Protein chains: 2
Amino acid sequence: MTLAGHRQLTGAFSTEALCARILERHRDVVRVQKPRVAIANLARIIEATLKLSNRQGFHATSLRDLSEASGISMGGLYSCFDNKTTLLLMILGEVSATVSEVLGAPPEEVVASPSAHLRWLVDTHVRLTEAMQPWFAFAYMEAKSFPSNARRMAVDSEAATEEIFADVLRRGVANGDFEISDITLTASLIKPLLQDWYVKRAKYRRRNTTIAAYVDAVCAIVEAAVARRRASLPGVSLERLGPEWR
Amino acid sequence: MTLAGHRQLTGAFSTEALCARILERHRDVVRVQKPRVAIANLARIIEATLKLSNRQGFHATSLRDLSEASGISMGGLYSCFDNKTTLLLMILGEVSATVSEVLGAPPEEVVASPSAHLRWLVDTHVRLTEAMQPWFAFAYMEAKSFPSNARRMAVDSEAATEEIFADVLRRGVANGDFEISDITLTASLIKPLLQDWYVKRAKYRRRNTTIAAYVDAVCAIVEAAVARRRASLPGVSLERLGPEWR
DNA sequence: ATAATAAAAGCGAGCGCTCGCTCTAAAAAG
DNA sequence: CTTTTTAGAGCGAGCGCTCGCTTTTATTAT
């Protein structure tokens, strides 16, 4: 899946489109035969799961809650998955697959310049997580407290994203665009800047912060952090604190 | 409580010291009479709660698990709190009280200079969250999925911390040390840089990242982001992406 | 010192309830 | 008619929480 040419993310990342991909990945476990029915039911179930879980947590969301919120009976739920953990894995799997596919396919015109690539990564990451906000919030909050394979999936996915950033930083240092003392650590610190958009979405919505403003702010910080330093900056004192803090 | 003069955070932020403050705040609910006994039991209970909850989540940690891990019977648990939610609130309350007390009391020599104050805030925040790492990880992970008063507490605490940073940034802009286009947004983005240290502590431990290196990296990014810009930086291309992404 | 007594703390089986999950009878679709 | 889907009562396990009882600790009387 490539995103080039899509004017709107909402089409390519609609619940139905994502659930169609989930169905492909979990054919063996979904007992509903007709794909149309299966996708429609999965969509209602997952929409309800994301809504309830992002409010009260996945573990605290019972299958009876889920049944009522989705309008699908207990039996109906269990013809779409074999147990509650599988439902979790369906969502986590779709998130990590999508993020690696999207971020792993930068447009040609961008890969030539590390700084353009960096800006593209920030912009694309924020817009992707906006289009799939409940999915990302869910994956972020629930990954910790679940089975080891799910945790490994989350950690691996995070590490992969970080490595994409590290690669670009490395290339920027190599061609002289960037000046970075610790590439791994810098790449690590870019991630939380991006994650804040969907983890604390409610706060930014309350403040009417636009995506464009957020992307610009993150880009400004990242670009300042990786920029070649021309001379020591005036007005910023670098003196250390007393020894009791070190 | 002020921290000035403490060589080690470990003393002032030991589980016992924190539990003594929790006992003060929840005298009415703790049915154990003697403070020494109450504090000792609270310490064992909360240590077990943090350990188990940070592995599997608070909701998934049963009181039987907690009883076994702490070596205190079911009845014993319920003489230290009246219900499971209160146990959660005890921990969240202690975290938010501590962070506002510590960050709200900067040493005199620091408040004069916004850049020194900023550096002190970053350093102190990271070292405080290191000293109370399981507490902060718990508060961060569990605040979302719990009762509305607990959520409000967490949101308020976060907002207060952010406001402390925004104040310093504002003063730095006022006296000409800093140049910032959107102070609120910049303050918002400093927080996740600090939170990453305790939210993803395992990753940094695996990589042998030291606190000093982390603090320096965050300070470098923050200082670059707020620094007065002398001229447009070379080597960093700022061109925008195609219209399909905007 | 020792024994008697009162107060405090600790214990854990058991209560009512909800959980994840199953299964069969009925409805709907083809 | 056959096949597929749905409905929702029911199951055992495990939950948060309680309460009657035992053990420990502190105080007083001898």
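Everything numeric here is computed off the predicted structure, so don't read it as measured data.
Residue A:Asp65 is classed as having no contact, given no heavy-atom separation below 4.0 Å to the nucleic acid.
Shown here is B:Arg152, whose CZ atom has no more than 12 heavy atoms of other residues, nucleotides or ligands within 6.0 Å. Counted within 6.0 Å of NZ on A:Lys200, heavy atoms from surrounding residues, nucleotides or ligands total more than 12; the atom is thus considered enclosed. The 12-atom threshold is exceeded at CD of B:Glu163, counting heavy atoms of other residues, nucleotides or ligands nearer than 6.0 Å.
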Using atom types as modelled, flag every donor-acceptor pair under 3.5 Å from a side chain in residues 52-61 of chain B to any protein atom, sequence neighbours excluded.
unit_1: B:Ser53; atom_1: OG; unit_2: B:Thr49; atom_2: O; d: 2.8
unit_1: B:Asn54; atom_1: OD1; unit_2: B:Phe138; atom_2: N; d: 3.4
unit_1: B:Asn54; atom_1: ND2; unit_2: B:Leu50; atom_2: O; d: 3.2
unit_1: B:Asn54; atom_1: ND2; unit_2: B:Pro134; atom_2: O; d: 3.2
unit_1: B:Gln56; atom_1: NE2; unit_2: B:Thr61; atom_2: OG1; d: 3.2
unit_1: B:Thr61; atom_1: OG1; unit_2: B:Gly57; atom_2: O; d: 2.8

Side-chain atoms of residues 25-34 of chain A: list all donor-acceptor pairs with protein atoms under 3.5 Å, sequence neighbours left out, distances to 0.1 Å.
unit_1: A:Arg25; atom_1: NH2; unit_2: A:Glu94; atom_2: OE1; d: 2.2
unit_1: A:His26; atom_1: ND1; unit_2: A:Ile22; atom_2: O; d: 3.2
unit_1: A:Arg31; atom_1: NH1; unit_2: A:Tyr78; atom_2: O; d: 3.1

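Distance A:Leu66 CG to D:dA7 P: 14 Å, rounded to the nearest Å. Distance CZ (A:Arg64) to P (D:dG8): 13 Å, rounded to an integer number of Å.
The main-chain N or O of B:Thr184 is found under 3.5 Å from a side-chain atom of B:Ser188 such that the two form a donor-acceptor pair. The main-chain N or O of B:Ala97 is found under 3.5 Å from a side-chain atom of B:Ser100 such that the two form a donor-acceptor pair. For the pair A:Ser79 (side chain) and A:Gly76 (backbone), a donor-acceptor distance under 3.5 Å is present. At distances below 3.5 Å, not a single donor-acceptor pair connects side-chain atoms of B:Ser70 with backbone N or O atoms of B:Ala48. Distance alone, capped at 3.5 Å, is enough to place a donor-acceptor pair between the A:Thr124 side chain and the A:Trp120 backbone. Remark: the backbone N or O of A:Ser62 is paired with a side-chain donor or acceptor of A:Asp65 at under 3.5 angstrom.
Annotation: proximity of residues 77-88 of chain A to DNA chain C (heavy atom, distance under 4.0 Å) is found for A:Tyr78, A:Asn83, A:Lys84, numbered in ascending order. Within residues 22-32 of chain A, the residues having any heavy atom closer than 4.0 Å to DNA chain D are, in order of number, A:Arg31, A:Val32. Within residues 68-75 of chain A, the residues that place at least one heavy atom under 4.0 Å from DNA chain D are, in residue-number order, A:Ser73, A:Met74, A:Gly75.
Tested against B:Phe136 for a ring-ring contact (aromatic ring centres under 6.0 Å, His included), the candidates B:Phe13, B:Trp197, B:Tyr198 yield a single pass: B:Tyr198.
Counting 5' to 3', DNA chain C first comes under 4.0 angstrom of a heavy atom of chain A and last does so at the ends given by C:dC19 to C:dG30.
A side-chain donor from one of B:Asp196 and B:Tyr204 sits under 3.5 Å from a side-chain acceptor of the other.
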